[in-house]
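Written below as structure tokens is the structure these notes are about.
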Amino acid sequence: MRCEMKFETVISPLDLDLTLACGQTFRWRRLEGSWLGVLGSEVIRLRQEGRTLTIEAEPGRDDIVALVEEHLRARDDIRAVQRKLSSDRVLSSGMRDLKGLRIVKLDEWESVVSFALATYANIPRITKMIETLCSKYGERLPGGFRAFPSQRQLRKASINDLADCGLGYRAKYLHQLCRYLGPGEIARMKSLPYDELREQLIELPGVGEKVADCVSLFGFGRLEAFPIDVWIERAMGRLYGEKGNYRKLRSFASDRFGAYAGYAQEYLYYNERTISGRGSCMFSEQ
DNA sequence: GCCCAGGAGTGTG
DNA sequence: CACACTCATGGG
């Protein structure tokens, strides 16, 4: 990548490593102390040194900083988030060490595809599936990078073509998604309240409650969404003694975390995955 | 080889 | 409503 444009900005608090490597997004690669990724049609390199975030990109756009700031949700008031969640005895102590972990804002279409593919797979595999899709169907970008393929680009692929990308049974869902969900529908859904957005997402093939909540949170930026996967289910049982079906756990989270349930979920998710890799728990049981 | 993964869809009691 | 079963596969 021949980066010619260079910018600096401050997003605070921010821990780029925590934010880009915790399973919200699957397209950033860590290389020699910086992060390489694609936002829209822009190849971007990010490097954090203290409070300074350095952004490098190809010349061509003058709003690269705004692009990155939107992706990292620079306008989120993390202090307000943590103040609100600090009333929760379980989260209050450990979450201070995670204040640099920010929710990211993904492209809506990319989020639907990514999390529909993410069912019943681990993160390395999800990463590979998406990488293969991008390399086969995404627009060519400088430096051998690829944009995330659009709905129209993916429509050209048959179910077998998609299965050849290692998608398994998910190939059929993606094939249908390309025919049911277009830019028009996405534009319309942006203005819906969360509960209606969620209902309409669940109507899509391959999208159930969990995927709809991931898409609501990461794609449509609804911070009240609380996706419950196996890790969160485990964490809620262990830390809160809370067990049951999706509806019950979701209701518990909504009552407890309210408008910032998405951040609470990210803290719990990070912690649960970390301790399974022989780390120690950041949160104390209730 | 075995186990499990940021589950969804479908059928049954 | 709650379960049970299937789906297809690769990474650890």
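Using a 4.0 Å cut-off between charged side-chain N and carboxylate O, Arg79(A) and Asp77(A) make no salt bridge.
For the pair Ile123(A) CD1 and dG7(B) C1', the computed distance is 15 Å after rounding to whole Å. Asn122(A) places its CG atom 10 Å from the C1' atom of dT9(C), with the value rounded to the nearest Å. In this structure, CZ of Arg273(A) is placed 15 Å from P of dG11(C), rounded to the nearest angstrom. Taking atom NZ on Lys210(A) and atom C1' on dG9(B), their separation rounds to 16 Å, with Å as the unit. Rounded to an integer number of Å, the gap from Lys248(A) NZ to dA2(C) C1' is 14 Å. Regarding Phe26(A), its CZ atom lies at a distance of 16 Å from the C1' atom of dG10(C), rounded to whole Å. A straight line from CG of Asn245(A) to P of dC1(C) spans 9 Å, rounded to a whole angstrom. Whole-Å rounding puts the Tyr246(A) OH to dG9(B) C1' distance at 16 Å.
Between Arg146(A) and Ser135(A), the side chains place no donor N or O within less than 3.5 Å of an acceptor N or O (distance only, hydrogens not considered). When only modelled atom types and interatomic distance are considered, Asp97(A) and Tyr270(A) share no side-chain donor-acceptor pair under 3.5 Å. Side chain to side chain, Asp161(A) and Ser158(A) meet the donor-acceptor criterion of an N or O pair below 3.5 Å.
With the nearest nucleotide of DNA chain B identified for both Glu266(A) and Leu204(A), Glu266(A) has the one nearer the 5' end. In terms of position along DNA chain C, the nucleotide closest to Arg247(A) lies nearer the 5' end than the nucleotide closest to the other residue of the pair Arg247(A) and Pro124(A).
Taking every heavy atom of both residues into account, Lys243(A) and Lys248(A) meet most closely at O-NZ, 3.0 Å. Among all heavy-atom pairs drawn from Tyr246(A) and Ile228(A), the shortest one is OH-N, 3.1 Å. Taking all atoms of both residues into account, the shortest heavy-atom contact from Arg170(A) to Ala121(A) is NH2-CB, 3.7 Å.
Side-chain contact between Gln151(A) and Trp109(A) is present, with at least one heavy-atom pair separated by less than 4.5 Å.
In this structure, Phe283(A) has its ring center at least 6.0 angstrom away from the ring center of Tyr267(A).
Residue contacts for Ala118(A): at a heavy-atom cut-off of 4.0 Å it reaches the sugar-phosphate backbone alone, with no base atom in range. Within 4.0 Å of Tyr270(A), counting heavy atoms only, lies no atom of the nucleic acid at all. Here Gly206(A) lies in heavy-atom contact (under 4.0 Å) with sugar-phosphate atoms only. Counting non-hydrogen atoms under 4.0 angstrom, Lys128(A) reaches the backbone sugars and phosphates but no base.
A heavy atom closer than 4.0 Å to some atom of DNA chain C occurs in no member of residues 225-243 of chain A.
For the P atom pair drawn from dG11(B) and dA8(C), the interatomic distance equals 16 Å after rounding to whole Å.
Below 30°, between 30° and 60°, or above 60°: for His71(A) and Trp28(A) the angle between ring planes is between 30° and 60°, a tilted geometry.
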Look for any protein N or O under 3.5 Å of an N or O in nucleotides 5-8 of chain C and output each such pair with its distance, or none.
residue	atom	partner	partner atom	Å
dA8(C)	O4'	Tyr169(A)	N	3.2

